[in-house]
Amino acid sequence: MSLIRVPKGTRDIWGEEIYLWHKVEEVVRSVAYSFQYEEIRTPIFESTELFARGVGEVTDIVQKEMYTFPDKGGRSLTLRPEGTAPIMRAYLEHGLNISNPRVKWFYMGPMFRYERPQAGRMRQFHQFGFEAIGFPQAACDAEIILIAWLVSKKLGLENLSLEINNLGCNKCRDEYVKTLQDFLKGEGDNLCANCKIRAEKNPLRVLDCKEETCQKVIHSPAFPLVQDFLCEECREHQDDLMEILRELDISFSINPYLVRGLDYYTRTAFEIKTGELGAQDAVAGGGRYDNLSSALGGPPVPGVGFAAGMERMILLLAKKYDPSSLKKQSLFYLAPLDVSGEKALLKLASFLGDRTIPFYLEFGDKRVKYHLKKAQKMGINTVIIAGKEEKERGELVWKDMVSGEQISMKEEELLAKLLEERKKC
RNA sequence: GUGAGCGUAGUUCAAACGGUUAGAGCACUGGACUGUGGAUCCAGGGGUUGGGGGUUCGAAUCCCCUCGCUCACCCCA
């Protein structure tokens, strides 16, 4: 019988790598705490409709990447491919637009997209994200970018670059899209097959295309760029944002071709990229989504946020940190030599556990030699030995692995010494 | 969805033109050392060579199919 393996594009996160995850989670929580963004945990699956309407019917995510399935009640459900639409759903569902219109939330957890796995891309992957809903101000865009930047900085990630763009609002985007569509029609066969369809259905996405023919079109002098079509308010919004970023000393560049693959973005769009991950170079991305609420059937509600790929951050982190250095070392190795030793040491375990002191308890009738070797391998400096000899004396043996010194003592004395030893660490 | 590369013990790798019983290091377990340490020596467990089919007297090796992994396209976190 063949072994069952994990499904394609998924994996176990275990061993020393888990300490890198803890590190990322810790930094995210600390920044969230500092900026007072509250955690929200939405379901792993939602109505398919939520993503179809929120993310956009003609996006790649909705058209070919969703894990969609009917449940036994005939509902169409989808494993969440991203976190923003569910959060806006929660905001509206709880009536926050009425009772508490301004919220700052963060989230962390698995997302699912049906894609061919490659470096930095999995079918189940993890994101954390920050969302500020109810704030139309450019300063709030800046806070979101600042948070993304700060998390990266606190993790020690280097060689990151920030690109921003402005996709316009309902007022100016329509005119731009119309102009763009007219222009693309004139280009006809100069576009790749894919972009001919995009020109009709989702013309902004043409700017993303890397096909050589399309690149030529996109970079031709006559090609209309969003930046040249921004209305007064959008222009101002972007100027304000850029001014704040400069004052914050966050360096960025304007990428007029940055459009991003989700429909809900308006005005600010941004991406943080790295040069160290191969083809999947976006570490974090986000922007403003003032149309999302309406798309979900709610009233107009402004929002801005970002999501970051945890696997990608961890890949970068793994190059800087030795994960084992992040592990909290056990202080004590409890070495039973027989059943009586196990009993005696389990009492110690209860004592240590009550005080949240880390220890490792072995079981069985292993020899002293085995225990000392293992303690050494685990890098634990103090070994407590218990066997029949100790039981007869009513004592336990304390051994210091560095000095080699060992002392037999009564339980009460040993407990006191354990506490004293903990203080040193 | 498309393309390329790769699948041999837990792991890293061997096995000349197809050749008889698929080996080694590391790791693990035990012993030398009957209750005291990263060394040394000895021994042991582990494999349907990813799976299936074909060619052949004979396949880890050649052919086909399939599955998986990796990277890239696509797209994104």
Side-chain angles (χ1 to χ4, degrees), chain A residues 1-11 15 24 55 59-65 80-84 107-129 148 151-152 192-195 198 202 205 208-212 214 258-262 269-274 277-286 305-316 333 335-338 341 364-381 383 385-390 392 397 399-406 408:
Chain A
M1 213 165 48
S2 58
L3 284 176
I4 295 166
R5 311 178 194 217
V6 292
K8 191 186 187 81
T10 69
R11 62 193 204 97
V24 172
V55 175
T59 58
D60 281 13
I61 289 181
V62 171
Q63 284 189 334
K64 48 187 208 196
E65 295 174 2
R80 62 181 188 191
E82 60 99 47
T84 304
Y107 64 90
M108 224 186 301
M111 304 292 164
F112 306 84
R113 291 184 199 172
Y114 190 88
E115 298 185 273
R116 281 285 274 273
Q118 79 187 62
R121 190 170 80 183
M122 299 289 286
R123 289 184 172 181
Q124 174 173 337
F125 61 104
H126 297 75
Q127 290 185 333
F128 66 82
V151 169
S152 307
C192 71
N194 214 336
C195 281
R198 285 173 177 158
N202 198 352
R205 295 290 310 289
D208 254 345
C209 191
K210 284 155 202 147
E211 288 289 331
E212 206 176 315
C214 297
L258 176 68
V259 292
R260 305 187 50 72
L262 293 77
F270 71 93
E271 254 176 32
I272 295 178
K273 290 184 180 174
T274 171
L277 283 184
Q280 307 305 318
D281 59 355
V283 172
F306 78 92
M310 296 178 75
E311 276 81 1
R312 291 181 188 179
M313 289 199 158
I314 276 150
L315 285 172
L316 294 175
Y333 182 105
L337 302 181
D338 51 33
D365 52 359
K366 296 292 185 186
R367 297 200 222 160
V368 176
K369 186 189 184 76
Y370 174 92
H371 291 301
L372 295 182
K373 271 190 182 174
K374 184 153 178 176
Q376 193 161 48
K377 195 177 290 175
M378 291 175 78
I380 301 175
N381 289 332
V383 178
I385 303 166
K388 63 174 189 299
E389 292 177 15
E390 287 72 19
E392 281 160 15
V397 167
K399 182 173 178 86
D400 183 319
M401 295 292 283
V402 179
S403 65
E405 209 182 335
Q406 74 182 51
S408 187

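Reckoned from all heavy atoms, side chains included, excluding hydrogens, waters and symmetry mates. Order of the sequence lines sets the chain letters (A, B, ...), proteins ahead of strands, with each chain counted from 1.
- Checking the phosphate oxygens (OP1, OP2) of B:rG31, a side-chain nitrogen or oxygen of A:R367 falls inside 4.0 Å.
- A:A119 and A:Q280 make their closest contact through O-CG, 3.1 Å (heavy atoms, listed as atom of the first residue, atom of the second, distance).
- Across all strands shown, A:K374 has no heavy atoms under 4.0 Å from either base or sugar-phosphate atoms.
- Side-chain atoms of A:R121 come within 3.5 Å of backbone N or O of A:R116 as a donor-acceptor pair.
- Spacing between B:rU49 and B:rA14 at atom C1', rounded to whole Å, works out to 13 Å.
- Between A:I61 atom CD1 and B:rA77 atom P the separation is 6 Å, expressed in whole Å.
- If you take CD of A:E311 and P of B:rC76, they are 18 Å apart, rounded to a whole angstrom.
- Annotation: the span from A:N202 atom CG to A:D60 atom CG amounts to 9.5 Å, rounded to 0.5 Å.
- For the C1' atoms, the distance from B:rU61 to B:rG19 is 11 Å, rounded to whole Å.
- Both A:Y114 and A:E389 sit near RNA chain B, but only A:Y114 has its closest nucleotide nearer the 5' end.
- Taking for each of A:A284 and A:L337 the nucleotide of RNA chain B with the nearest heavy atom, the 5'-most of the two is the partner of A:L337.
- No side-chain donor-acceptor contact under 3.5 Å links A:K366 to the backbone of A:P336.
- Taking the C1' atoms as reference points, B:rC42 lies 48 Å from B:rC65, given to the whole Å.
- Across all strands, A:Y370 comes closer than 4.0 Å only to sugar-phosphate atoms, never to a base (heavy-atom distances).
- Only the P atoms considered, B:rU66 is 14 Å distant from B:rA4, to the nearest whole Å.
- Residue-environment remark: CG (A:D400) exceeds the threshold of 12 foreign heavy atoms within 6.0 Å.
- With hydrogens and angles disregarded, no donor-acceptor distance shorter than 3.5 Å links the side chain of A:R113 to the backbone of A:E65.
- Using P as the reference atom, B:rA39 and B:rG25 are 15 Å apart when rounded to the nearest Å.
- Within 4.0 Å (heavy atoms only), A:R113 reaches at least one base atom of the nucleic acid.
- For A:R123 and B:rA77, the CZ to C1' distance is 17 Å, given to the nearest whole Å.
- Pairs of Watson-Crick or G-U wobble type, with distances under 3.5 Å, assemble into runs of 3 or more in RNA chain B at these ranges: B:1-7 with B:67-73, B:10-13 with B:23-26, B:28-32 with B:40-44, B:50-54 with B:62-66.
- Between A:F128 and A:F306, the ring planes are perpendicular. Angles over 60° get that label, and only those under 30° would be called parallel.
- Atom CG of A:D338 and atom P of B:rG35 are 11 Å apart (whole Å).
- Interatomic distance, OG1 of A:T84 versus CD of A:Q127, reported as 8.0 Å (0.5 Å rounding).
- Using modelled atom types, one side-chain atom of A:R312 and one backbone atom of A:A282 make a donor-acceptor pair closer than 3.5 Å.
- For the C1' atom pair drawn from B:rA60 and B:rG51, the interatomic distance equals 14 Å after rounding to whole Å.
- Separation of the C1' atoms belonging to B:rC63 and B:rG46 is 32 Å when rounded to the nearest angstrom.
- Distance check on atom C1': B:rC69 versus B:rA32 gives 43 Å, rounded to whole Å.
- Side chain of A:E311 to main chain of A:H126: a donor-acceptor pair is present (N/O by atom type, distance under 3.5 Å, no hydrogens or angles).
- At whole-Å resolution of the value, CE in A:M108 and C1' in B:rA77 are 15 Å apart.
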Subject >> Per-nucleotide protein contact string for nucleotides 66-74 of chain B, where B marks a base within reach and S marks sugar-phosphate only (heavy atoms under 4.0 Å, - for neither) >> reply: --SS-SBBB

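- Across all strands shown, A:D281 has heavy atoms under 4.0 Å from base atoms, whether or not it also approaches the sugar-phosphate.
- Once rounded to the nearest 0.5 Å, the distance linking CZ of A:F125 with OG1 of A:T10 reads 13.5 Å.
- Checked for salt-bridge contact, A:E115 and A:R123 miss the test: no charged N lies under 4.0 Å from a carboxylate O.
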Under-3.5 Å N/O pairs linking protein and nucleotides 36-40 of chain B:
unit_1, atom_1, unit_2, atom_2, d
B:rU36, O2, A:K399, NZ, 3.0
B:rU36, O2, A:Q406, OE1, 3.3
B:rU36, N3, A:Q406, OE1, 2.7
B:rU36, N3, A:Q406, NE2, 3.1
B:rU36, O4, A:Q406, NE2, 2.6
B:rG37, O6, A:M401, O, 3.4
B:rG37, N1, A:M401, O, 2.5
B:rG37, N2, A:Q376, NE2, 2.6
B:rG37, N2, A:M401, O, 3.2
B:rG37, N3, A:Q376, NE2, 2.8
B:rG38, OP1, A:K373, NZ, 3.3

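- Between the NE2 atom of A:H371 and the P atom of B:rG35 there is a distance of 12 Å, given to the nearest Å.
- Rounding to the nearest 0.5 Å places CD1 of A:I385 at 6.5 Å from CG of A:L337.
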